[in-house]
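All remarks here apply to the structure that follows.
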Amino acid sequence: MEERNDIVNEPSAHPKVLVIGGGVGGIRAALDLAESRRNVVLIDKAYAIGGLMTQLDRTFPTNNCDLCTVSPDLSESGRQHRMELMPMTTLVDIQGEAGNFTVTLETAPRHIDVSKCTACGECVAKYPDWVRFTPGLDPRAPTCMRYPQATPFAFSVDMEKVEDIKALQAVCRAEAILSDDQPKTATVNIASVVLSVGAELFDPAVLDHFGGGQLANVVTGLQYERIMSASGPTAGELVRPSDGVRPKKVAWIQCVGSRGINRADVPYCSSVCCMYALKEAIVTKERFASDIEATIFYMDMRTCGKDYELYLNRAKNDYGVQLIRSRPHSIIEDPQTGNLSITYTTDEESRHLTEVFDMVVLSTGFRVQESTVELARRLGIELNIHLFAKTEAFSPVSTSKPGIYVCGVFESPKDIPETMVQASAAACMAGADLHMDLSDPQAEDDFPPERDVSGEPPKIGVFVCDCGFDIGGVIPVNEVVASVAKLSDVVVAESVGYGCSGDSMLRIEQMIREHGLNRVVIGGCSPRTHETRFQDLLRRVGLNKYLVDIVNLRDQDTWAHMDRPADAAKKAEKLLRMGITGVRKSRPLVDHTLPVNQNILVIGGGVTGMNAALQMAELGFKVYLIDRAPDLGGLARSVRSTIEGGDVSAYIADLVQKVRANDKIQVMTRTIIVDHSGMPGLFTTGVQSGPRMNYMQIQHGAAILATGAMPNRPKEYLLGENDGVMTQLDLDSVIADMPDQAKGWNQVVMIQCVGSREPGNPNCSRICCATAIKNALRLKALNADTQIYVLYRDMRTYGFSEDYYAEARQAGVKFIRYQLDDKPVVAETDGQLTVTALDPVLGRRIEIAADRVVLSTGLRADDETTEDLAMLFHVARTDDGYFLEDHVKLRPVDMALKGFFIAGTAHSPKNIKESITQALAAAGRAQALLAKTTINLGASIAKVDGNRCAACLVCVRACPFGVPFINADGYSEIDPAKCHGCGVCAADCPAKAIQLMTFEDDQILAKLDGLFERLN
Amino acid sequence: MENFEPEIVAFCCHYCAYTAADMAGSKRLSYPPNVKIIRVPCTGKVDAIHIMKALLKGADGVYVAGCLEGDCHFKNGNIRAAHRVAYVQKMLNDIGWDGERVEMITMSAGMGERFAQTAKEFTEKIRQLGPSPAKTAAGQAAVG
Amino acid sequence: MITAEQKPMQEIINCIAPYDRILLVGCNECVTVCSAGGRKEVGLLASALQLHFLKQGKTLDIKEVTLERQCDPEYVEELVNYMDQVDAVVSMACGCGVQTIAARYREKAVYPAVNTKFMGASERQGIWAERCQGCGDCVLGLTGGICPIARCSKRLMNGPCGGSTKGKCEISPDVDCAWQLIWDRMKALGIEKRYEEVMEAKDWRTSRDGGPRKIVREDLAS
């Protein structure tokens, strides 16, 4: 990791991109930029990067431990050559313009020489008050780092608290403590800025209700995360702050400080609290005790992200989380017991209800920090009324100042996946301000030469993670380690805490050197996520990266068998034995590389596809933009206006014109995909195009799937039978094209969630609530006397669209809630449409005569298209037919198939602004891949032993890709550049002359030996 | 045999079943710990010998879990695997074993539930079939 | 190539039941190519047999060896070091291989694990068809490259029998009538006149009727 404390005023000849804020968004942006070969400076005012996410216990919807998910990314950022990491640094000044800014950065003194600090912890053990560490409930954590995987991996001295610097220096054996460290200033020449400064969480201490921060057992959502977290103040024990006893009843109160009009409230929705409350409730029951009662008091359940509705259903149905629609007024503490009583009402009950809880969690939302407002002023960017960075619907990550881009919560309240998408989008835009020569070959990774281990007997090191509670909380890691330590060839066996943390990795490296290890087994999480990281570890110590085996103890053992810890422990031992016997047979291998084809195929010519195409073209890549429709524009052509009032038609027309005019974009409409082959970086896709369906092949290195979704039109509520019943999309055009007709309507009823959030299509369509509000407001603007009724289940106007919800209520739009088991009834009698529904406030059924009934039908996946493409490209889909990203949290635009990216509504329902953001993000991720001049094919290729080969042709005939051939020497030959690595030939070869490297037969059999050792 | 806990080897394709198993874990879907996974790049890589050797070394049951038909990352590796599994089943029947001890299962990467469900079903099936004849006979021989 | 297919499992089992230690020998030539007795089949059969006997409570010791070619004494010589460790030998090669081993290691019983079928050609992956019966007097030059001996069910030498229907042999609609094929081929080559020529009675002495055959190349054998 690079860290510079000594930057002097030296404007660089090679401009960089400045990323401000080292949370997940900033890290993603910086990594994307570095990956696409731009130099980056990442600054953060904290002394380690990681931001808010590193304080969370787990994240929805996978309930992963965040540290485990984010830490590989963090240390990846420590390793990137093009990245300069400057913690404890703030921006003082900025001059110049996009492409050529000069920024002045000030780095606060750390008082510790990071190059010397070994993070031994002596200083904090002796003088805990003087050294900085975990913020939150109780900072007395066993280490002084904010979290065990901190980057940079070092301490920081709080000089204001230090009473005797000599005494502190005396405890430091590394002599790393600097008494006279001074602030340093640097001037850096940069091309663009990515702002990812996040926001802070609302502090309920300013409230005069809910205890105002005074009640011991009332905590905020973040504090609750810290209590549950293995690296938190209670070391992962769920206990009440007042008495250290595990709570039996926990309540969450939503929207604390958000969606309010009272003092200290903000009007907007913080977008993440519903999901995090559900997550905390589920994790509470799942990890601590299923009989802990979890109750969530909420206003609207806003689970409108991809598959989030399923998460809500799981919380309700599988975990028995109680959901009560009510906003309690206050919390009363029993001073004797510390218990908390909450009085509330529900629709069903006319009386007040009082319930006692052991703990109450306040779901607090986001606030822009004052320091951020100050930073915005210094940068000269405009803020919106809520003090968030101002962006426009059609340029979602651009601030008011060219060259400065924004992502994450500072743009608007959002969760991690959306932040990741925006970060990639902002990085893409910022990278475009920094010209790059695409043909310039990249620098090689700087690893020491590999040690030749061929003559050595196996010397195996076994390192087992406890992964906080995820492994260590289920099985006794030390016992498991001891059980495999005596196996033959095992030289070292240790438990290593968080194996992927900086200190554990250093420890493993040290062990490898000390004992001359030549094979390593890591017992931890899935190799799918962490293999590369440990392979890099081996490379750093001069070992071939294929000499490590990752044993999946977490995902495939402790997580799945947490209900049977003894069996999980037995299984862990067996899995480790398999790893050990397997790694014994592993061989050093060389990866194969090939030049990358730098063209990109964009499938889908809607708003998303066109934006992705334009951005890629802007970056200098040749783009093939194909759509099966005769024209570009997609679904957005039938949308006229955004909720903010933006003219969608004009925007689309302009976009189409720009795309058509761009000579780097080849537009192919009326085009369908018929075949596909190749590998990441070198794909060939066959298409048929035009009225004659001419066939042609497109060579491309990557592809963006932007095929969109379909407007839903369920046969419900007389849609399609009565002309007075229409969808929101229909209404949009009526308002735009026939305003006089719309003006004449007296009563309009809108019904939400039509065809969504119900069996058959259980997910939320996300866009309909805001769309209904948008159209209601437009109708009101046409005729203020039109009575509008919106029949809804939960109003999901997340983020700033809450403003429009408030505006609609003020404008007199009536909102009536209905339940799924008591849906409204639309009927027609004598030409008059009526809607009957139960009004929960009045407690009786009401009948509304309607001029028009407008159905919010939302979107559904274009099932046929995604199914066809999924078959052709071999990419995955969700149960409801959307494309499935590689990691729902951290890789929301990458697909599992390298080289494929998703954007727009083909991923999940989203509005135009979100679609454009994801388009830019996909372009950014794609260019990060294509900016590399070569692609690594790995070492997993089939290899023929010519001496054994009988030239029988079985492999030649069996290979799905026609790669093997019988060479002039009379035996089969397989070109490593063409081999896809499936291993079919190796399995079918009757002479057993073919081995698939990394999955060799002897290794597979050795694993079986390890598993069944007791029988042998 | 009471308390019989079958030992089961699952050869899982990296692109589908292995990922589905991870997903089952991340969703905390419980399935029998009897199942031990060996990761392969494609079920087309699973040699009939691997299955036979697994039984020989002591597995009570072996299954090969690949992609859904038409979803193979390598076109048809899963179909080949299914044929091989059928071949092994026949061979097992021929030698007086129960071909049911070996099975081909398909799923997609997103099917964590299916992974857990099939792991349960297969384990239950093997539990019904009882311990591997290799073990019982060896045990009797040792005792006798 | 010589084609073969594995014997029914029970037959193999019966052969080796009396023994505890078996040497299972494959061949890397024809039987590898026709997937009957190469290294892979050796491995499969070995594990199948072991599984079978494990169920009977017997741990069968099987050594697996695959020779480059089992019908050459020099290769077969490679087995010499195994012989004192085994009770019997099972060969997965064609009959030639089995006999070469039997000839060299007279003290050990040798059992075939495959049935040698015919000299055939590969139609496609997994399918082999008979093409030659080694009659010792090749007539392919007269029959358009299609052998009436190997491919006519009756080995007729002068045209089809009355059972030829729509180009198929009367024994099965899946079997082509060889003489139909010969006729079609001759027509395609423009030599159908030759069909009129009567072939004389075939001299089967060059075939098996003359007793076991041998080829001697004086120049090489000397």
Side-chain angles (χ1 to χ4, degrees), chain B residues 1 6-7 9 11 44-62 64 74-77 79-102 126 129-144, chain C residues 4-22 24-26 28 31-32 34-66 90 92 111-115 124-128:
Chain B
M1 190 188 273
E7 199 70 82
V9 175
F11 290 101
K45 168 73 185 80
V46 181
D47 197 322
I49 294 181
H50 298 158
I51 302 173
M52 296 296 278
K53 293 275 184 191
L55 293 170
L56 196 54
K57 287 171 195 287
D60 299 295
V62 180
V64 178
F74 304 103
K75 295 187 182 175
N76 60 358
I79 310 270
R80 289 176 168 274
H83 288 155
R84 279 186 217 134
V85 169
Y87 182 80
V88 172
Q89 284 174 330
K90 183 184 173 299
M91 186 177 254
L92 288 176
N93 289 332
D94 286 350
I95 58 166
W97 278 50
D98 201 329
E100 294 272 294
R101 288 190 185 275
V102 170
I126 299 300
L129 287 176
S132 152
K135 285 187 203 166
T136 45
Q140 283 160 7
V143 173
Chain C
E5 66 182 359
Q6 200 179 307
K7 280 181 174 290
M9 197 60 84
Q10 196 54 49
E11 191 184 332
I12 305 174
I13 288 168
N14 291 344
C15 287
I16 63 169
Y19 306 106
D20 294 331
R21 304 176 304 163
I22 296 292
L24 186 58
V25 191
N28 209 33
V31 288
T32 293
C34 69
S35 291
R39 212 168 272 110
K40 178 183 168 122
E41 299 303 321
V42 167
L44 266 177
L45 180 61
S47 42
L49 291 174
Q50 282 173 317
L51 281 180
H52 169 79
F53 285 104
L54 262 184
K55 194 179 177 187
Q56 320 296 320
K58 174 164 113 181
T59 306
L60 184 66
D61 177 4
I62 297 193
K63 303 225 168 359
E64 301 173 28
V65 185
T66 297
V90 175
M92 296 194 79
Y111 298 96
V114 302
N115 290 321
R124 60 184 171 88
Q125 185 90 299
I127 299 177
W128 297 271

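Remember, it's a predicted structure, so these values are computed and weren't measured experimentally. Note on naming: letters A, B, ... go to the chains in the order of the sequence lines (proteins, then strands), and numbering restarts at 1 for each one.
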Return the [atom1] to [atom2] distance between [X] and [Y], rounded to the nearest 0.5 Å.
X: C:H52; Y: B:L92; atom1: NE2; atom2: CG; value: 12.5 Å
X: B:M91; Y: C:L45; atom1: CE; atom2: CG; value: 6.5 Å
X: C:I13; Y: B:D94; atom1: CD1; atom2: CG; value: 8.0 Å
X: C:E41; Y: B:I49; atom1: CD; atom2: CD1; value: 8.0 Å

Subject >> Under 3.5 Å: donor-acceptor pair, side chain of B:K53, backbone of C:S47 >> reply: no
Subject >> Side chain, backbone, both or neither of B:I51 within contact of chain C (heavy atoms, under 4.5 Å) >> reply: neither
Subject >> Smallest separation among heavy atoms of B:I95 and C:A48, with atom names >> reply: CD1-O, 3.4 Å
Subject >> Smallest separation among heavy atoms of B:W97 and C:L51, with atom names >> reply: NE1-O, 3.0 Å
